[in-house]
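One structure is given below, encoded as structure tokens.
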Amino acid sequence: MLRFIFWRLLQAIPVIFVVITATFFLVRSAPGGPFDSEKAVLPEVKRALEAQYKLDLPLHEQYIAYLGDLSNGNLGPSFKYPGRSVNEILGSGLPVTAELGLYALSFALLIGVLAGVFAALRPNTRQDYIPMGMAMIGICMPSFLLGPLLLLIFGIYLDWLPIAGWGDLPGDKILPSITLGSAYAAYIARLSRAGMLEILSQDYIRTARAKGLPEWRVVIQHALRGGLIPVIAFLGPAFAGLLAGSFVVETIFQIPGLGRFYVQAAFNRDYTMILGTTVFLSTLIVFFNLISDVIAAWLNPRLRAQFKGGA
Amino acid sequence: MNTEQTALLVEAEDGASLWHDAWLRLKKNRAAVTGGVVLTMMVVLAILTPWIAPYGYEAQNLDLGATPPSAAHWLGTDIFGRDLLTQILYGGRISLAVGFIATAVALVIGVTWGAVAGYVGGRIDSIMMRFVDILYALPFMIFIILLMVVFGRNILLLFLAIGAVEWLTMARIMRTQVQSLRQQEFVEAAVSLGLPPSAIILKHIIPNALGPIIVYTTLTIPSVMLLEAFLSFLGLGIQPPQTSWGLLISYGAETMEEYPWLLIFPGLALTITLFSLNFLGDGLRDALDVRGSKD
Amino acid sequence: MSLLNVNDLSVSFVTRNGTTEAVKNVNFTVEPKSITGIIGESGSGKSVSCYALLGLIPQPPGRIDSGTAEFNGRDLLALSQRELRSIRGSDVAMIFQDPMTCLNPYMRIGEQLVEPLLVHGVANKEAATLRAIELLDEVGIQNPEAAMRAYPFEFSGGMRQRVMIAMALITEPKLLIADEPTTALDVTIQAQILRLIKSLQEKRDIGVLFISHDLAVVSDIADHIVVMEKGLVVEQGTPADIFTNAQHPYTQKLLAAIPNGAPPEPENGRDTLITASNLKTYFTSENSDEPVKAVDDVSLSIQRGEVLGLVGESGSGKSTFGRSLLRLTPITDGQISFDGIDVGGLDRNNLKALRRRMQMIFQDPYASLNPRMTVYDTLTEPLLLHKIVARAGLDAAIRELMDNVGLARGFAKKYPHEFSGGQRQRIAIGRALATKPEFIVADEPVSALDVTIQAQILDLLKDLKDECGLTMLFVSHDLAVIRQIADRVAVLYRGKLEEVGNTSNVFNSPQSDYTQRLLAAIPGKSAA
């Protein structure tokens, strides 16, 4: 198992490196420098600013300097918010986004797995069609449409829940979490249905029934372990999707999280901020992919043994 | 045709090909048929937009302002007094075009890449697929945003960027297909007949790999359309004066308290199209008996 | 009194396309302390009737139309699911066909083994574990404590079937239903498992219902045989009755299909057509640096006009050897010469010319035909590729081929999925013969087919061989089939050639240990 983790880590390193390099040069090659829009800046001031942000150095030296900073965990200063470093901004946004993502994912897993397993138990009956129909709506109703609609209905017409903010008013975390999680609930429902259907048709389920096991034990003890492996493997990509989704959800509900900062940085052409956030988020995504792969492999006894033995 | 040939073929009863069987199964699936019909309508409307749109694309009526649906403006107007139906029709052209063209880009690259890797096998295969693995691990959503920021919001770039993300899965599916088909005994039989590789690929592998490709293509279009709408919503995709459903939803969301129809109708257009594509894709998956392609 | 008395059982399946009667008014009994064998081909209803007894048929689409099944004084068919559940796995236990898929791959052996005891409240966890270890030992698993902690993939098929048997017997059932328990196993393993079932049955005095498609296997083990065809019981009696005095034409057909013909007399003075010298075919393995030596230094030659039977169990390298001869699998070392031509050294054009002269027939007629091509297209391909006929003569040639392999001409425009397994194998044979080859590798050509169909295809191959003067390498795991068709026999074991000789010599006085063991394992001796 250690070997497997090690092997996957080894694969992750070039990926992260590619991300850093590509992002750096993309951002630097962008037309228009960060201070171009500021009309009132005098040439001397501009030069001073550029020197401060090392923009006057040749590109490859900038790159090496940036790598050096990165290795110390320093993502550099923000162009747009002088005096604030990218680290600080990320540090203030991360807990919020992490909390939002956690709620959304919990919501998605709970609803998705329940609906999927429920549907798989009686395929092609109403018990299957209703949750799967809902899942289809979830897939076809993107968060940027669902969010405003939920706001309109529950925030404005019914006035049950706050329409913006995070942790300021009671209940203001409900709508964003549901908005972000619903599409993933839908995917997870479809995945767990397919996984369970596949497993429930296996011979060893028949063996379990022939042993006289009650149906709930057949499902929970024998089918769930194999049936949910696709869901586990999906969690890595889902994490990446949730991050991207948080851009939209945080914009709609005006939540001070990473996603909103990123989108704002994109509009402001705050290059160090974009660069820093991209590197940070990418590393996070690669890391979560790794974890979900490792868990999925660990659930498979054959793979587990293979890597344990170090063969 | 000589007489003997005619004799044999007259004697022979027509068989039912797998395509024929699949078509019969698809026809029975009401959701898929409805999806197909709705989708066709959408495409026809998009193509005919310049001739059938009730108002000109740039026609404004600032005095009128935003009005709810009425006889003159079936879906109402926006704050500039522009006809919403016209906007949705023109937006649909872009949204559908992005969906189809970017998917086509992904299809061409992915199928070729996957087919070559799967058929050649060995070291070339593992190098090609390792490349796909690395790209797969990249956080593409963030990258696309980055691209849009850096190079400006260029529609051509959008096609390329989205296509470049989606081809990876296509390549994986195609490779798995080709690899498993290669090991099938009928391909081995073709090799032992002495058939050249080109004929084996054309006659034995591609026709059998087509099912999953068709299904996955149908299911890629909606996810591409979603991606475009997502970017446009954030203001990083399609830019005015062009419009798309994502952009219309974004405008609608800003003013939804006062003018909810500006959110609801573009949202409905997008959702209905995505529904149709997904139902059609699922129906095709069942009809062509494709297992585990996407979920 | 009978242990199980099934009376007038009818089961049907209701689907959108109509109702299929799978089992029609079936009667049979299982006496205590004896084995009842049910024999039939696929679709005969033999498994369905047994699964129906335990409520293991999904309803819908399944439906029990009539009947009673008295077990221990209760009618199984009248019980509720809850009551049936208390009987399943305690009084009546089951083992299934494919041990590779019947154990849960995600659970440890021990966990699965103690489950019946825990579910039926027979023992607590400690007692159950002790009992499980005891039983694993009894069914012949070495180091049972370690086995308890192992996962199924760590065991071979035969070992898994032993685990399945232990799991079935752990609650001391009165009746054991065994559904083709040895079909997926190699013949030497099959013999071991059959012996195990028989000895456990005698020791524990339980009744066994043994389902199989193989009359020879059933006759070895059963005290009473029930023959089923198309949902009906057509005949029943003791094995001796069945073998000496079969009344029903279907039973007679089954008996006739047991390959037991005398081996053909070898003719002498023929020249060598194909020779493999020191042939090695290795595969690289993903899990280990050691290559898998599928064929390991085999030298063998085949005379023009003979059928060489190549025998071996799974993993013996017999299929790889056949494919290597045809250059379908790249060889690692050694030489193959065909009619004086070095097969390994041919360039593409010469190889194509040679391919016309040697062809292959595959095991699985469901995989060896392109599902998107009609019979006509399939047969056209080789004819035009090798310019066997001009386009004008195509139809006549195809008609002749179809006649030769016994396919009705009306089938020309049909697709493979519209045919049965036997018909498909005829199409595949037609394709192989289209190039008018001299040499054919037949890789288990009948092992995916029902017994009576097997006999037909074997007859067809024999006829074609005589008519066309074919030379054949006939690869099979089934010694009875080999004996019927081969002039000479070669035995492969783990990639090495164990023995080669005239069929009658090998069968009557095997030289190597392995061949002796293989021959001793052939089922059906007790009755024949």
Side-chain angles (χ1 to χ4, degrees), chain A residues 1 3-4 7 120-128 192 195-233 295-311, chain C residues 50-51 54-58 60 81-109 111-121 150-154 160 163-164 167-168 170-171 173 177 179 184 285-290:
Chain A
M1 202 61 208
R3 228 180 101 98
F4 178 67
W7 176 234
L121 292 181
R122 297 239 182 290
N124 303 322
T125 61
R126 205 168 293 171
Q127 184 178 330
D128 180 19
S192 30
M196 288 298 283
L197 276 184
E198 164 93 35
I199 298 288
L200 285 172
S201 68
Q202 297 287 318
D203 286 346
Y204 62 80
I205 296 298
R206 189 181 54 192
T207 310
R209 292 199 175 118
K211 281 195 261 188
L213 258 58
E215 198 57 27
W216 64 268
R217 272 188 85 149
V218 172
V219 171
I220 291 179
Q221 249 175 336
H222 285 262
L224 224 47
R225 268 186 240 201
L228 292 189
I229 285 184
V231 174
I232 306 284
I295 295 177
W298 184 75
L299 284 175
N300 184 338
R302 187 189 287 260
L303 281 178
R304 200 185 325 167
Q306 226 172 63
F307 289 106
K308 205 188 278 166
Chain C
C50 296
Y51 287 12
L54 291 180
L56 285 174
I57 291 178
Q81 268 296 331
R82 174 184 289 269
E83 289 166 313
L84 267 178
R85 212 151 52 213
S86 71
I87 289 179
R88 284 205 300 254
S90 66
D91 289 337
V92 183
M94 285 195 82
I95 51 180
F96 300 97
Q97 173 168 0
D98 191 352
M100 302 311 272
T101 58
C102 283
L103 287 167
N104 190 330
Y106 301 106
M107 287 169 76
R108 292 177 196 277
I109 299 281
E111 236 180 307
Q112 304 188 47
L113 210 49
V114 299
E115 223 172 21
L117 288 174
L118 300 183
V119 169
H120 295 290
Y151 284 95
F153 74 89
E154 298 172 51
R160 289 191 208 187
V163 171
M164 283 295 291
M167 195 157 76
I170 199 163
T171 52
I177 299 179
D179 183 9
S285 154
E286 273 176 36
N287 303 326
S288 137
D289 301 328
E290 267 305 279

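Residue numbering restarts at 1 for every chain, and letters A, B, ... go by the order of the sequence lines. Hydrogens, waters and symmetry mates play no part in the numbers below; they use all other heavy atoms, side chains included.
- Here C:His120 is the residue among C:Met94, C:Arg82, C:His120 with the most heavy-atom pairs under 4.5 Å with chain A.
- With a threshold of 4.5 angstrom between heavy atoms, C:Leu103 approaches chain A through N, CA, C or O but not through any side-chain atom.
- Chain A forms more heavy-atom pairs under 4.5 Å with one residue of C:Pro105, C:Ala93, C:Pro173, C:Gly55 than with any other, namely C:Pro105.
- We find that C:Glu115 and A:Arg209 are not joined by a salt bridge, their nearest charged nitrogen and carboxylate oxygen being 4.0 Å or further apart.
- Proximity to chain A (any heavy atom under 4.5 Å) is restricted, for C:Glu111, to the side chain, taken from C-beta onward.
- Taking each heavy atom of A:Gly212 and C:Val119 in turn, the nearest pair found is O-CG1, 3.5 Å.
- Remark: the backbone N or O of C:Gln112 is paired with a side-chain donor or acceptor of A:Lys211 at under 3.5 angstrom.
- With a 4.5 angstrom heavy-atom cutoff, C:Tyr106 touches chain A via backbone and side-chain atoms both.
- Here the side chain of A:Thr207 pairs a donor or acceptor atom with the backbone of C:Cys102 at under 3.5 angstrom.
- Contacts between C:Ser86 and chain A at a heavy-atom distance below 4.5 Å are absent for every atom of the residue.
- Side-chain N or O atoms of C:Asn104 include none that pairs as donor or acceptor with a backbone N or O of A:Tyr204 at under 3.5 Å.
- At a 4.5 Å heavy-atom cutoff, C:Met100 makes no contact with chain A through either its backbone or its side chain.
- If you measure heavy-atom distances from A:Ile205 to chain C, you find no contacts under 4.5 Å at all.
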